[in-house]
Undergrad: 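Encoded as structure tokens, here's the structure I'll be asking about.
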Amino acid sequence: MTNSTSLRTHSCGQLGAAHVGSRVTLAGWVARRREHGDKLAFLDVRDFSGVMQCVIDDGTDARSEWVVQVTGTVTARPAGTVNANLSTGEVELTDCTVVVLNAAEPPPFPIDQRADEVDENIRLKFRYLDVRRERMQRNLRLRASVNSAIRTAMEGQGFVEVETPLLMPSTPEGAREFLVPSRKEPGSFYALPQSPQLWKQLLMVAGVDRYYQIARCLRDEDLRADRQYEFTQLDAEMSFVTKDDVLAAISRAVLAAAHAATGETPPPIEQITWHDAMNRFGTDKPDMRFAMELVELTDAFVGTAFKAFASAPSIKGIRVDAATYPEAAAIGRNKLDQLTERAKQLGAKGLVWIKVGDAGALESPVAKFLSDAEKSSLVAALGATSGDLLLLVADEWSTTCAVLGQLRNDLARPPVHEGPYRYVWVVDFPLFIGINPTTKKPQPGHHPFCHPHPDDLVKMESDPLHVRALAYDLVLNGWELGSGSIRIHEPELQRRVFQLLGIDDETADRKFGFFLQPFRYGAPPHGGFAFGIDRLVAILAGEENIREVIAFPKTQSGLDPMTNAPGPVDVGQLNELGLRTLPRPAN
RNA sequence: GGUCCCGUGGUGAAGUUUGGAGUUCACGCCGGCCUGUCAAGCCGGAGGUCGCGGGUUCAAAUCCCGUCGGGACCGCCA
């Protein structure tokens with residue numbers, strides 16, 4: 001690849017000792033000017049590739065962020081003036097001619113590492129200046145190479161890139177949609193896709209066999225560090241496959257992306273069942289970089305006199321190991337009260353804390369209610385030693401898992417980008433995740449097109465909550481990267497699932513007719529997956545926030561400080577769309 | 001919808017707890033000096049509605065109420 005254009009012969013960062021003696025022309029921005037009188041000034045010229053020091057002896061005025069074109073001779077720096085901190089630090093440009101291509105106002109913040117400390121709102125307001133910085137250039141280029149590796153991996157496996165519509169009918173299940181008013185059909189609306197889910201399944205019916213797309217998805221839900229209104233997924237679907245075929249194909253793309261970003265290929269991605277993930281880590285997106293696993297204690301308290309434990313279906317505990325987490329294990333009464341409050345917010349009735357004293361004596365407000373046998377089996381089960389802090393929750397199984405899983409994260413989870421990358425497939429998700437309190441019907445865990453596990457079909461009606469789905473998630477360091485499933489391709493089974501959900505034929509036809517009718521014409525067995533590229537790239541880039549790997553992101557309230565979107569529109573535009581706005585509700 | 005943190009020259013901070021003149025530090029900016037620096041150095045200067053509104057007070061960056069904006073999280077994200 002060459003960086004030369006009509007206005008330059010090289011890029012700044014590519015020059016080095018090998019170019020000494022060459023006459024070159026660079027173009028870029030003035031990163032810094034160091035003046036030593038009329039006869040000598042150093043101009044650091046920056047472009048996307050790096051910085052080159054230019055020695056100026058004619059007093060040319062060129063200040064921070066002015067756009068310049070510099071022609072000079074690549075020269076080895078004099079002894080003692082080499083800058084080891086700069087990739088181009090062995091050389092400099094001498095005998096320079098500077099052409100000012102554009103002057104510039106002083107930037108609102110320094111275009112270097114110091115801007116990491118600048119208020120993010122200001123960075124976003126001047127995002128075009130923020131992106132000039134090395135960190136953002138690196139992140140965007142990392143993202144591009146991840147995209148490229150994914151494309152190569154998918155195409156190498158026979159996946160065909162197909163673009164799918166952004167304007168589609170509203171299918172109001174799931175995430176809140178962005179709506180687009182129709183001009184030709186006033187009062188009617190398109191929806192923007194939450195994902196290309198329906199389209200890609202139709203492509204399987206259409207015989208495409210293997211589809212992929214680096215697809216933009218849009219969801220009108222509240223924003224977070226790992227969530228934007230619009231985000232990008234690798235979306236894929238394949239025909240005539242089982243779960244393992246899908247996991248293998250997606251694994252290749254993920255590992256290729258990781259290799260492109262880090263230069264290293266991670267080990268094969270391990271698998272854990274959803275039930276094991278919940279049991280051991282208390283969450284369906286386990287962060288397996290650290291231990292502190294949940295320990296089953298229900299059997300240790302059979303027949304206990306302690307009322308809070310006596311009738312609980314599930315008792316679990318975690319051990320905050322004093323050797324690994326000295327600060328967390330040694331927290332005082334005040335912090336323990338806060339932990340208890342946190343547990344209650346998470347749905348627990350309470351939190352039992354036990355401190356293990358020097359002689360192994362248990363110190364706890366509830367110690368007096370526990371028998372010696374219970375104490376010793378508790379200590380044995382948790383492997384507790386002096387100085388440890390033990391946290392116990394007794395409740396429904398799902399609650400003990402969820403509460404302790406969250407406390408485990410609160411107490412010991414490192415920042416998402418730190419430490420080794422621990423990819424894990426979470427498999428065998430339940431088909432339903434509980435009963436809707438109003439409709440009394442089961443709620444789908446993923447979407448209603450997930451294929452039930454064939455072994456569990458017999459208990460679909462009798463015991464729906466214990467039916468597994470052929471559904472799976474990909475998790476990295478405690479972040480859900482994505483999910484997928486084998487889909488239902490048999491109309492009869494689909495009808496059966498809809499019936500369980502309380503969706504009759506007529507309703508199903510009205511809501512999903514355009515999607516279901518094609519399945520009558522011979523749908524192949526198929527399944528797929530989608531994972532979030534923003535999240536993957538953020539972690540691989542060492543960022544804790546996906547905004548850092550998006551060129552123009554929105555703030556947490558969904559605004560763009562640079563363009564001021566969203567904004568009002570002309571009444572004429574509204575009239576054309578047949579729309580009228582309501583006054584904003586008074587506060 | 002909720003909880004918590006933040007808002008002070010262009011930028012980052014200190015000052016707020018315990019009210020007393022827009023006070024301070026660093027960077028940047030403007031001018032001067034300076035021939036080997038590299039986040040150059042030295043000297044001088046400019047630059048402010050302390051987010052906004054209201055209240056308490058003789059007096060508010062500081063205390064109270066409201067509001068706007070930013071961030072983290074809960075809800076939400078089939």
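We name chains A, B, ... by the order of the sequence lines, and we start the count at 1 in each one. This structure is a prediction, so every number in the text was calculated from the model and none was measured.
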Undergrad: Do A:Arg132 and A:Phe48 meet the cation-pi criteria used here (NZ or CZ under 6.0 Å from the six-membered ring centre, within 45° of the axis)?
TA: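 Output no; distance or angle outside limits.
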Undergrad: What is the distance from CZ of A:Arg33 to C1' of B:C29, rounded to the nearest Å?
TA: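 Atom-to-atom, A:Arg33 to B:C29, this comes out as 15 Å.
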Undergrad: Can you say whether the rings of A:Tyr128 and A:Phe126 are parallel (under 30°), tilted (30 to 60°) or perpendicular (over 60°)?
TA: perpendicular
Undergrad: Does B:C63 have a Watson-Crick or wobble mate here (both distances under 3.5 Å), and if so which one?
TA: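 Because both required distances fall under 3.5 Å, B:C63 counts as paired with B:G55.
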Undergrad: Return the orientation label for the A:Tyr229 and A:Phe178 ring planes: parallel under 30°, perpendicular over 60°, tilted otherwise.
TA: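 A:Tyr229 and A:Phe178: perpendicular rings.
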Undergrad: Does A:Arg34 put a side-chain nitrogen or oxygen below 4.0 Å from OP1 or OP2 of B:U37?
TA: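 It does not, given that no N or O in the side chain of A:Arg34 lies less than 4.0 Å from OP1 or OP2 of B:U37.
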Undergrad: Quickly work out the A:Arg133 CZ to B:U11 P distance and round it to whole Å.
TA: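 Roughly 15 Å, once rounded to whole Å.
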Undergrad: Nearest to the A:Arg32 side chain among B:A40, B:G71, B:U37, which nucleotide is it?
TA: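 Of the options given, the side chain of A:Arg32 lies nearest B:A40.
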Undergrad: All N/O contacts under 3.5 Å from nucleotides 4-9 of chain B to the protein, with atom names and distances to one decimal?
TA:
none

Undergrad: Using 30° and 60° as the class boundaries, would you call the ring planes of A:Tyr472 and A:Phe529 parallel, tilted or perpendicular?
TA: parallel
Undergrad: Do the side-chain N or O atoms of A:Asn121 get closer than 4.0 angstrom to the phosphate oxygens (OP1, OP2) of B:G51?
TA: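 No, no such contact exists.
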Undergrad: Is it the case that the base of B:C77 and the side chain of A:Arg227 share a donor-acceptor contact (distance under 3.5 Å, atom types as modelled)?
TA: yes
Undergrad: Any chance CG of A:Asp38 has more than 12 other-residue heavy atoms, nucleotides or ligands included, within less than 6.0 Å?
TA: no
Undergrad: Whole angstrom is fine here: how far is it from CG in A:Leu218 over to P in B:C77?
TA: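 Interatomic distance, CG of A:Leu218 to P of B:C77: 17 Å.
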Undergrad: Report yes or no: is there a donor-acceptor pair, N or O only, under 3.5 Å between the side chain of A:Glu92 and the base of B:G36?
TA: yes
Undergrad: Please determine if a side-chain N or O atom of A:Gln345 lies less than 4.0 Å away from the OP1 or OP2 oxygen of B:U3.
TA: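 Answer no for this pair, as no side-chain N or O of A:Gln345 is under 4.0 Å from OP1 or OP2.
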Undergrad: Between B:G32 and B:A21, how far apart are the C1' atoms? Round to whole Å, please.
TA: 33 Å
Undergrad: Rounded to whole angstrom, note down the C1' distance from B:C50 over to B:G9.
TA: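 Their C1' atoms lie roughly 10 Å apart.
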Undergrad: Just name whichever nucleotide pairs with B:C50, Watson-Crick or G-U, keeping both distances under 3.5 Å, else none.
TA: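 B:C50 is unpaired by these criteria.
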Undergrad: Can you measure A:Asp57 atom CG to B:U37 atom P for me and round it to whole angstrom units?
TA: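 From A:Asp57 CG to B:U37 P: 17 Å.
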Undergrad: Does the structure show a Watson-Crick or G-U wobble partner for B:C38, both distances under 3.5 Å? Name it, or say none.
TA: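 Base partner found: none.
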Undergrad: Sticking with atom P, work out how far B:G10 lies from B:G47, rounded to a whole angstrom.
TA: 12 Å
Undergrad: Please determine whether ring pair (Phe, Tyr, Trp, His ring centres under 6.0 Å) holds for the pair A:His10 and A:His19, giving the CA-CA distance in whole Å, both sets of side-chain angles, and the decisive distance to 0.1 Å.
TA: CA-CA 10 Å; A:His10 295 76; A:His19 298 84; 5.4 Å; yes
Undergrad: Is A:His36 stacked on the base of B:G36, with ring centres under 5.5 Å apart and planes under 30° apart?
TA: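 Per 5.5 Å and 30° rule: no stacking.
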Undergrad: Which is more 5' along RNA chain B, the nucleotide nearest A:Pro78 or the one nearest A:Glu117? Just name the residue.
TA: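 First, find each residue's nearest nucleotide; the 5'-ward one identifies A:Glu117.
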Undergrad: Would you give the length of the straight line joining atom CD1 of A:Ile486 to atom NZ of A:Lys243, rounded to the nearest 0.5 angstrom?
TA: 9.0 Å
Undergrad: Does the aromatic ring of A:Phe42 sit over the six-membered base ring of B:U37, closer than 5.5 Å centre to centre and tilted less than 30°?
TA: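 Base of B:U37: stacked against A:Phe42.
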Undergrad: B:G45 pairs with which nucleotide, Watson-Crick or G-U wobble, both distances below 3.5 Å?
TA: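 When the pairing criteria are applied, B:C29 turns out to be the nucleotide that pairs with B:G45.
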Undergrad: Would you classify A:Gly89 as touching base, sugar-phosphate or nothing, given that sugar-phosphate means primed atoms plus P, OP1 and OP2, and contacts are heavy atoms under 4.0 Å?
TA: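 No contact.
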Undergrad: Would you say A:Arg176 places a side-chain N or O within less than 4.0 Å of OP1 or OP2 belonging to B:C77?
TA: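 It does not, given that no N or O in the side chain of A:Arg176 lies less than 4.0 Å from OP1 or OP2 of B:C77.
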Undergrad: Measure the spacing between CE of A:Met168 and CZ of A:Phe515 and express it to the nearest 0.5 Å.
TA: 10.0 Å
Undergrad: If you only use heavy atoms from C-beta on, which nucleotide in B:G1, B:U11, B:C29 is closest to the side chain of A:Pro106?
TA: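 Selected nucleotide: B:C29.
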Undergrad: A:Gln338 CD to B:C73 C1': how many Å, rounded?
TA: 15 Å
Undergrad: Taking N and O atoms by type only, does the side chain of A:Arg219 place a donor or acceptor under 3.5 Å from a partner on the base of B:C76?
TA: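 In this structure, the two groups form no donor-acceptor pair.
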Undergrad: With a 3.5 Å distance limit and no angle check, can you tell me whether A:Arg77 reaches the backbone of A:Gly89 through a side-chain donor-acceptor pair?
TA: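 Checked: pair present.
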Undergrad: Could you give the distance from CD1 (A:Ile533) to CD1 (A:Ile546), rounded to the nearest 0.5 Å?
TA: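 So the gap between those two atoms works out to 12.0 Å.
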Undergrad: B:G7 and B:A61: how far apart are their C1' atoms, nearest whole angstrom?
TA: 11 Å
Undergrad: Below the 4.0 Å mark, does B:A72 have OP1 or OP2 next to a side-chain nitrogen or oxygen of A:Arg547?
TA: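 Affirmative; the distance criterion is met.
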Undergrad: Let me know, please, whether A:Arg342 or A:Ser195 comes out on the 5' side of the other along RNA chain B by nearest nucleotide.
TA: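 Here A:Arg342 is the residue nearer the 5' end.
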Undergrad: Give, for atom OG of A:Ser170 and atom NZ of A:Lys511, the distance between the pair rounded to the nearest 0.5 Å.
TA: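 One finds 10.0 Å between OG of A:Ser170 and NZ of A:Lys511.
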Undergrad: I want to check one thing: is the phosphate of B:C30, taken as OP1 and OP2, less than 4.0 Å away from some side-chain N or O of A:Arg63?
TA: yes
Undergrad: Could you work out the separation of B:U11 and B:A39 based on their C1' atoms and round it to a whole Å?
TA: 14 Å
Undergrad: So for A:Glu35 and B:U37, does any side-chain atom that can act as donor or acceptor lie under 3.5 Å from a complementary atom in the base?
TA: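 Checked by distance alone, the answer is no.
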Undergrad: So, does A:Thr81 get its side chain near the phosphate of B:U37, meaning an N or O under 4.0 Å from OP1 or OP2?
TA: no
Undergrad: Which value, in whole Å, describes the distance between the C1' atoms of nucleotides B:G53 and B:C68?
TA: 10 Å
Undergrad: Return no unless some side-chain N or O of A:Ser557 is found under 4.0 Å from OP1 or OP2 of B:G69.
TA: no
Undergrad: Between B:A39, B:U11, B:C38, which nucleotide gets closest to the side-chain atoms of A:Asp112?
TA: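 That would be B:A39.
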Undergrad: For A:Leu407 and B:C74, give me the distance from atom CG to atom P, rounded to whole Å.
TA: 13 Å
Undergrad: Which part of the nucleic acid does A:Leu346 contact within heavy-atom distance under 4.0 Å: base, sugar-phosphate only, or nothing?
TA: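 No contact.
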Undergrad: Using a cut-off of 4.0 Å on non-hydrogen atoms, how would the nucleic acid contact of A:Asn545 be classed: base, sugar-phosphate, or nothing?
TA: sugar-phosphate
Undergrad: For B:C42 and B:C38, measure between their P atoms and round to the nearest Å.
TA: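 That atom pair is separated by 11 Å.
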Undergrad: Looking at B:G75, does its base get a donor-acceptor pair with the side chain of A:Arg224 below 3.5 Å?
TA: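 Answer is yes: a donor-acceptor pair is held.
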Undergrad: Just one of A:Arg32, A:Arg46, A:Arg33 clears the salt bridge (charged side-chain N to carboxylate O under 4.0 Å, His left out) bar with A:Glu65, so which one?
TA: A:Arg46
Undergrad: Name the nucleic acid region contacted by A:Ile122, choosing base, sugar-phosphate or nothing; use a 4.0 angstrom heavy-atom cut-off, strictly under.
TA: sugar-phosphate
Undergrad: Could you tell me the separation between the CE atom of A:Met52 and the C1' atom of B:U37, rounded to a whole number of Å?
TA: 16 Å
Undergrad: Between B:G71 and B:C27, how many Å separate the two P atoms, rounded to a whole number?
TA: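 Looking at atom P only, B:G71 and B:C27 are 30 Å apart.
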Undergrad: Could you tell me the separation between the CD1 atom of A:Ile546 and the C1' atom of B:A72, rounded to a whole number of Å?
TA: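 Interatomic distance, CD1 of A:Ile546 to C1' of B:A72: 15 Å.
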